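Working notes, beginning with the structure itself.
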Amino acid sequence: MTNLLGAVEIRALAEKMNLKPTKKLGQNFVVDANTCRKIVMLAEVNTSDIALEIGPGLGSLTLALLEQANQVVAVEIDDRLANQLPITASERGFNKDKLITLNQDAMTISELPIKPTVLVANLPYNISVPVLLNILEKFPSITRGVVMVQSEVADRLAAVANNKDYGSPTAKANWWANLKLAGMVSRSVFWPIPNVDSSLVRFDRIKELGSESERLATFSVIDQAFAKRRKMLRSALSQLLGANAEQILISAGIDPTDRGEVLTVEQFYSIGKKLVNGNSTK
Ligand code: SAM
């Protein structure tokens, strides 16, 4: 016997709540308990974990997390869903003290009542990258996680430098974590069925390269480099680095004729450091 939610339970719950899933909030709910268990397993969630879930929706993944984790913190922007979640969890036999539900926006959340150790989420697709970056930035206690995102976004997040999918989200996420693809998820496990493919991305936190001011400088370098992706760095970064952009790049060990897409986050960092240290070319 499973306490998790399947297609029948999800439909019944949605009907009871008179819920019409909205595209705006990326509301495609997983209706397959095995998929949820697999995601939790890929994140290696165990009884010592405090799991953070963004966008619990009707609770499919939340219940699978409650089976394994010590506690679950679920952040949901839709107040009807946030109100229903603890009811669903206790109706299905889960200890209500294990679940903390917050009716908040994950784009801007910066504090939680307890320190999460793992992120597990089927992210709202239109904001998956900024939400992931916000969580990596604000909650350093998270050591690893698995997120489900649109396949195209997953390819970008897991790309390496000099690959067509590599871009600013990858370089920024790499400041905090190593990311790799962890499998595809069939469209048939969602209700309503989305018109894009979904994939899982596993991440593991790494030691940050530098200080907060160096990170902010590095991120502005990344933003400029990818805003003018086709341009050589000496030109793409001329506004940011000033008249002696070329010398600064050379002193950072970067070929000024390279384009941003070939640079790893470590290389962006070597430029960012120069910015923080007053553009010194020494
Ligand atoms: N986890 C559920 C599942 O797998 O069935 C639902 C996933 S659904 C793709 C995304 C969820 O994120 C929805 O419940 C939606 O209301 C919620 N959401 C959308 N934008 C959000 C935001 N800015 N902050 C928190 N939750 C958000």
Side-chain angles (χ1 to χ4, degrees), residues 4-14 17 19-43 45 51-67 69 72-89 92 99-112 116 118-135 137-139 145-154 183-201:
L4 303 195
L5 301 166
V8 175
E9 293 82 8
I10 290 284
R11 292 294 185 117
L13 203 47
M17 296 171 67
L19 182 80
K20 305 268 177 287
T22 74
K23 269 206 168 145
K24 190 169 157 247
L25 292 177
Q27 291 178 337
N28 298 94
F29 304 110
V30 175
V31 297
D32 177 54
N34 286 334
T35 301
C36 294
R37 285 208 172 101
K38 182 183 155 195
I39 296 170
V40 172
M41 196 191 75
L42 285 170
V45 177
L52 172 62
E53 184 186 5
I54 301 300
L58 288 166
S60 319
L61 192 52
T62 322
L63 300 189
L65 282 167
L66 284 167
E67 278 189 336
V72 178
V73 188
V75 178
E76 172 59 62
I77 201 167
D78 185 325
D79 51 353
R80 290 173 313 158
L81 294 174
N83 291 337
Q84 176 61 37
L85 189 65
I87 301 170
T88 304
R92 301 197 72 79
L99 174 65
I100 301 172
T101 308
L102 303 172
N103 184 198
Q104 287 188 44
D105 183 349
M107 288 278 272
T108 52
I109 196 160
S110 59
E111 276 177 29
L112 290 170
V118 61
L119 171 69
V120 181
N122 171 13
L123 291 172
Y125 286 2
N126 42 354
I127 52 167
S128 54
V129 169
V131 166
L132 178 61
L133 296 180
N134 184 46
I135 300 299
E137 178 192 340
K138 303 286 170 44
F139 304 105
V146 172
V147 291
M148 173 143 60
V149 295
Q150 196 177 328
S151 295
E152 212 178 283
V153 174
M184 279 191 73
V185 178
S186 162
R187 291 183 194 200
S188 64
V189 305
F190 297 95
W191 173 76
I193 293 179
N195 48 19
V196 291
D197 289 320
S198 302
S199 293
L200 301 169
V201 175

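Not measured: the values here are computed from a predicted model. In this chain, numbering begins with 1 at the start of the sequence shown. Just follow the structure's listing: the first ligand is 1, and inside any ligand the first atom is 1.
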What protein heavy atom is closest to [atom], reported as residue, atom name and distance in Å?
{"atom": "atom 16 (O) of ligand 1", "result": "Glu76 OE2, 2.6 Å"}
{"atom": "atom 9 (C) of ligand 1", "result": "Gly26 O, 3.0 Å"}
{"atom": "atom 12 (O) of ligand 1", "result": "Gly55 CA, 3.2 Å"}
{"atom": "atom 2 (C) of ligand 1", "result": "Pro56 O, 3.2 Å"}
{"atom": "atom 5 (O) of ligand 1", "result": "Val30 N, 2.8 Å"}
{"atom": "atom 19 (C) of ligand 1", "result": "Leu25 O, 3.1 Å"}
{"atom": "atom 24 (N) of ligand 1", "result": "Ala106 N, 2.9 Å"}

If I apply the N/O under 3.5 Å rule, does [X] come out as touching ligand 1?
{"X": "Phe29", "answer": "no"}
{"X": "Tyr125", "answer": "no"}
{"X": "Asn28", "answer": "no"}

Donor-acceptor contact present, side-chain Asn122 to main-chain Gly55, <3.5 Å: no

Backbone of Met107 reached by a side-chain donor or acceptor of Asn134 within 3.5 Å: yes

Residue-level breakdown please: for [X] versus ligand 1, do any non-hydrogen atoms fall below 4.0 Å on the side chain, on the backbone, on both, or on neither?
{"X": "Ile127", "result": "side chain"}
{"X": "Thr62", "result": "neither"}
{"X": "Ala121", "result": "neither"}
{"X": "Met148", "result": "neither"}

Check: Gln150/Asn126 side-chain N/O donor and acceptor closer than 3.5 Å: no

For the student: nearest non-hydrogen atoms of Leu4 and Ala64, plus distance: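 Scanning both residues completely, I find the closest heavy atoms to be CD2-N, 3.7 Å.
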
Best match, Asn122, Thr108, Ile77, Val120: closest heavy atom to atom 26 (N) of ligand 1: Ile77

Electrostatic pair Glu111:Lys138 at N-O distance under 4.0 angstrom: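 So Glu111 does not pair with Lys138 through a salt bridge.
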
Whether Asp105 lies under 4.0 Å from ligand 1, heavy atom: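 It does, in that a heavy atom of Asp105 comes within the 4.0 Å cut-off of ligand 1.
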
